[in-house]
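Take a look at the structure set out below.
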Amino acid sequence: MRWSRTFIHTLRQDPADAEVVSHKLMTRAGLISKVAAGIYNSLPLGWRSIDKMSDIIREEMEKAGAAELVMPAVQPAEYWEESGRWAEYGPELLRIKDRHDREFCFGPTHEEIITDIVRRSIKSYRQLPVALYQIQTKFRDEIRPRFGLMRGREFLMKDAYSFHADAEDLDQTYRAMKKAYCRIFERCGLGYTPVEADTGNIGGSESHEFMVLADTGEDAIMACPSCGYGANVEKAQTGPVKAAPPWPLAESETPSSVHTPEMRSVEEVAEFLGVDPAHLIKTMIFESDEEFVAVLIRGDLEVNEVKLKNHLDCTHLQLASEAKIEQITGGPQGFSGPVGLEGIRIIADPTVIDLKQAATGANTLDTHLVGVVPGRDFRPDTVVDVRTASAGDPCPSCSEPIIEKRGIEVGHIFKLGTKYSEAMRCTFLDAEGKENPMIMGCYGLGVGRTVAAAIEQNHDDKGIIWPLPLAPYEVVLVMLNSDKPEVVEAAEGLYAQLKEAGIDVLFDDRPERPGVKFNDMDLIGFPVRIVAGARGLAEGNIELSLRSGGEKTLVPITDMVETVRKTLDEIRAQLPQ
RNA sequence: CGGGGCGUAGCUCAGUCUGGUAGAGCGCACGGUUCGGGACCGUGAGGCCGGAGGUUCAAGUCCUCUCGCCCCGACCA
């Protein structure tokens, strides 16, 4: 392709509305442009990268035994009513009406439709398993879209679904998909890590996320450098955390009240009482779908709302309002405690039960209790792990300290189980002639997001440094001195040869000054650059260099095609095929 | 939705506090000089100052309402 015939428009300055580097660079390099919040054009250059990403995904999906199809973006409400998600899904689901006032939605995901497709055709265990995938535009009316392609509302996603007769079979496909995902990210040359994940409201049992490591990542990952354990912080378990230090105050038969004026925070109270924050029992009142619960956690730890939400099996969870706290506990916010607390479920983290002596709010203004003994002075209804893992906590599998990293979630795979197949009667007859719901898995991968993540990971202050497999063009041929006929002739000739040789090349034939062309070439980040100018051509040479660094080399024009081919082969050899 | 910020030329931004003829740089067009790392000189085109209402002799500037965009939090590929 010739630069003059395609549509590449670079920007000299960072766009005002971009914050993260991938968004800035994708906009500046002319890969994308914004239409509305979270809604973008993929311009020709950007589309080429996305298309290459898609092809890698296709190859690996086929290898994993999944067949490609495309489902509609717009889906009738009935399917969603059947699965129960029309009511469950929040405002993130873009609901629309047609001219007959019939309800539809713009698909945020396709479990309902795929389940319908499969239930129509598959009736027997002999026809299972089935695995299907699509690469298609999704719409999720995110509360807050941001960071360009990183979190758009409309975005390109590869979603795959598998259907099985039994859990072992799902297991096999799940593992195959996990492997396919690893290969996809490896082939793109991305640094990534699979981590255990929460299943969120899609439902299901086992789940992994694929995180591209980047400081700008929106997710926190807890990872163990010694044994390789990794989990999203939402899901992360820890080994036994350090016990609280010995109780510094006198032990007593009953809790005693202490006047603690205006002391609301754990730090204030601990210091005032002369105890360690770990001696406090933090009591938080949450409001879930239908009830209020009191959650007890050690003062030096934090509640993990995702774990709590999973335990309560609710869809919404928030901290109760101050008024509600007062109504339930009888005291103002900041002075809640479990002693004498009635009419509300009490959930305690195990670390609370382990305390020999503790301090806690007295459910009375400006008052705390000391010498509280869990089990003696209060009894929680449930003891369950609801704490947030933090760096330095012991790894749940090897007890070494875990560390925190940031990641961009580019893929997420789930074992769905029978949530959709049961709700939508997607069943098969087993060998005994008995009807069973199919067991499902689903496997998502953000296509545009992965491309953006690749840029987050591969750039410098001049621009993008594309990994070869995702580069919009693998090679750029820059023609300098386009006013000199002999240069034009040589460059045109070389361009024709490169095309003839099947090399993925963009010919910068613009009559721009050299500086402009060099800067554009750096900004866009083509991996292999060929510069044809009067200076080198006087000696019959053309320059070859790599965006990733290293020296420029002079290559006789007659050897150029072969040299480019060899260079590309060398780069490819570094990547898994 | 809560908290913060911003809407002025295609892009990046001044001008708003303190009301008085709409600005700069880049880009674009034309002419000239240049030509291996975002050239220079000259000329020119380009604006309902996000929108609506109000205050005022006079509003980009003050007030009210609205729409859009960005950032922090809860959601997620």
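When reading the values below, keep in mind they use all heavy atoms of this one structure, side chains included, and skip hydrogens, waters and symmetry mates. Chain A is the first sequence line, chain B the second, and so forth, proteins listed ahead of strands; every chain is numbered from 1.
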Strictly under 4.0 angstrom, non-hydrogen atoms only: write out the protein contact profile of nucleotides 8-14 of chain B, one letter per nucleotide from the 5' end, B, S or -. ---BSS-
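For C72(B), one of the phosphate oxygens OP1 or OP2 lies less than 4.0 angstrom from a side-chain nitrogen or oxygen of Arg146(A).
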Can I get a per-line list of side-chain donor-acceptor pairs under 3.5 Å for residues 178-194 of chain A, giving both atom names and the distance, sequence neighbours left out?
from	atom 1	to	atom 2	distance (Å)
Tyr181(A)	OH	Lys158(A)	NZ	2.7
Tyr181(A)	OH	Tyr443(A)	O	3.2
Tyr181(A)	OH	Gly444(A)	N	3.2
Tyr181(A)	OH	Gly444(A)	O	2.9
Arg183(A)	NE	Glu60(A)	OE1	2.9
Arg183(A)	NE	Glu60(A)	OE2	3.3
Arg183(A)	NH2	Glu60(A)	OE2	3.3
Arg183(A)	NH2	Gln577(A)	O	2.5
Glu186(A)	OE2	Tyr192(A)	OH	2.7
Arg187(A)	NH1	Glu59(A)	OE1	3.0
Arg187(A)	NH1	Glu60(A)	OE2	2.8
Arg187(A)	NH2	Glu59(A)	OE1	2.9

N/O donor to acceptor pairs below 3.5 angstrom from side-chain atoms of residues 524-546 of chain A, sequence neighbours left out:
from	atom 1	to	atom 2	distance (Å)
Arg529(A)	NE	Ser545(A)	OG	3.0
Arg529(A)	NH1	Asp522(A)	OD1	2.9

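With sequence neighbours excluded, the residues satisfying ring pair (Phe, Tyr, Trp, His ring centres under 6.0 Å) with His9(A) are Phe7(A). Under the side chain to side chain donor-acceptor pair (under 3.5 Å) criterion, Glu456(A) pairs with Ser22(A), Thr216(A), sequence neighbours left out. Residues meeting the ring pair (Phe, Tyr, Trp, His ring centres under 6.0 Å) test with Tyr174(A), sequence neighbours left out: His208(A).
Listed by first and then second residue, the ring-ring contact (aromatic ring centres under 6.0 Å, His included) pairs that reach into residues 534-557 of chain A come to none, sequence neighbours excluded. Residue pairs meeting the side-chain hydrogen bond (donor to acceptor under 3.5 Å, both in side chains) criterion with at least one member in residues 29-44 of chain A, sequence neighbours excluded: Asp17(A)-Lys34(A), His23(A)-Tyr40(A), Ser33(A)-Asn41(A). Contacts classified as side-chain hydrogen bond (donor to acceptor under 3.5 Å, both in side chains) and involving residues 473-483 of chain A (residues at least two apart or in different chains) are given here: Glu474(A)-Arg572(A).
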Tabulate protein N/O versus nucleotide N/O from nucleotides 30-36 of chain B, keeping only pairs under 3.5 Å, one per line.
from	atom 1	to	atom 2	distance (Å)
U34(B)	O2	Arg513(A)	NH1	2.7
G36(B)	O2'	Arg535(A)	NH2	2.5
G36(B)	O6	Gly536(A)	N	3.4
G36(B)	N1	Glu543(A)	OE2	2.7
G36(B)	N2	Glu543(A)	OE1	2.5
G36(B)	N2	Glu543(A)	OE2	2.4

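In the region residues 35-65 of chain A, proximity to RNA chain B at under 4.0 angstrom, judged on heavy atoms, holds for Ala36(A), Ala37(A). Residues of residues 446-458 of chain A that place a heavy atom closer than 4.0 Å to RNA chain B, in numerical order, are Gly446(A), Arg449(A).
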